[in-house]
Amino acid sequence: MRLFILSLLLLAEIIIESSILPFIKIKGVTPDLVLITIVSMGLIYGKKEGIILGLIGGIFSDILFGRILGIHGLPYMLIGYLVGFASEKVYKENRIIPYLFTLIATLSYQGILYLIIYLARIEIPMDIYIRKYTAFSLIINGIIVIFIYPFFLKLSEWNLIKQR
Amino acid sequence: MNWIKKHRFGMIVALITIILISLISFTSQGREKVSSIEGLISKAMVPVQKTIFTGSQYVKNFFSSIIEIGTLKETNKVLKEEIKILKQQQVEFEAIKNENERLIKLLNYQKSNPQYDYSIAKIVSIDPEVWFNVFIIDKGSQDGITKNSAVCVSEGLVGKVVEVASGTSKVLAITDTGSMINGVSSRTGDYIRIQGSTGSTLEGFVVPEAKLIPGDIIVTSGLGGIYPENIIIGEVEEVKKKVGMLEKTVVINPAVDFHQLKEVIVFKKK
């Protein structure tokens, strides 16, 4: 049940990201809601949810607006796994932790993406993208997670989500 | 077994990673066809995305109009300024259009009366003292205008030149009380002496035997040497016979609307 609801949430976020957020771009950058959600979920629930939600979110993004299957799925899943792995060792109610994790996740997401693109020899000028937008996406994702993380924490206390 | 249980997530992740990498490498070089499952999911999502996209466009427009409120005053000011300029231009345009029509009329008149030299003059001022009966035109002796040249428009006779300067001339309108024309009724051939009168009508005097009736057209007779022949002066409005007078009095409505004059034709003697 928990996974189902959270998947729906991710799907909604992907749709929002692809339809509403392009209108409120800041310096050409839209906040990566899916990444933020995966990081938060991984922090709150742990490895399993991190992996599954990362995979679901990534595959959905790939299908809906990606050309290459798995290009979002792989980094999202890895990040979900790593965050879930780390969440066992941190205190998740802390306010700094999700912020820090989001920054690291944003960086590593783009790093992994770049690596994939480089290795698969896909012709996307990723280096230009990174040089131009990484700083902004760090800032924006960092700001968004501060506001959205308390909401996710509250959501985790919801009965439907509490039961496995 | 214990090791596998402990690391099952890691192994799952590794497995999925391998699958995903192979997926990426399969799909990275561009696909001709999208798999049926993907197609189905995309298809299902399209209406939702479309709705939200349109919706968010509305939202965006709404917000941008809110943002624009700050600049509305400025925009309004600029637009009002523009409207002012455009109105001015429109007035100018109308004026030019009317002028064009008038000039075309004058041109037609010239074509149908080729025995004279003409020059087209603009009215530059109207003598305020005698109100509408004397006015100044912008052609003078430089343009070959002499004293007593006839002045008319395509509708009919306007007056004659009474003073000539080098660049301007003074025209005495036929409605002025000091003006005297010899006219002839085009229907009956009766000669009429026409004077200006008070108001915008002309006063004519004919012999009592003349059979003038209202509606007769009066044209210039050509006698006296000032005015050429057959220029329309006006239309008979009323024929009065005063007791004790030797002549009948005729009220003539001039053919030219003196309030509308802008350009006139000056007849130059050849």
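Chain identifiers are assigned alphabetically (A, B, ...) following the order of the sequence lines, protein sequences preceding nucleic acid strands; residue numbering begins at 1 within each chain.
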Enquirer: Rounded to the nearest 0.5 Å, what separation is found between the CG atom of A:Leu74 and the CD1 atom of B:Ile16?
Expert: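 Here the interatomic distance stands at 10.0 Å.
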Enquirer: Taking everything shown except A:Glu88 itself, do over 12 heavy atoms lie less than 6.0 Å from its CD?
Expert: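 Counting other residues, nucleotides and ligands, CD of A:Glu88 exceeds 12 neighbours.
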Enquirer: Look at atom CD of B:Glu74 and say whether more than 12 heavy atoms of other residues, nucleotides or ligands are closer to it than 6.0 Å.
Expert: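 Incorrect, the count does not exceed 12.
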Enquirer: Could you report the tightest heavy-atom contact between A:Met77 and B:Val13, atom names first, then the distance?
Expert: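 Heavy atoms only, the tightest pair is CE-O, 3.6 Å.
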Enquirer: Report the C-alpha separation of B:Leu20 and A:Ile71 in whole Å, then their side-chain angles, then the decisive distance to 0.1 Å, and conclude whether the side-chain contact (heavy atoms from CB on, under 4.5 Å) test is met.
Expert: CA-CA 8 Å; B:Leu20 283 177; A:Ile71 201 167; over 6 Å; no
Enquirer: If I take atom OG1 from residue B:Thr17 and atom CG from residue A:Leu78, how far apart are they, to the nearest 0.5 angstrom?
Expert: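 So the gap between those two atoms works out to 4.5 Å.
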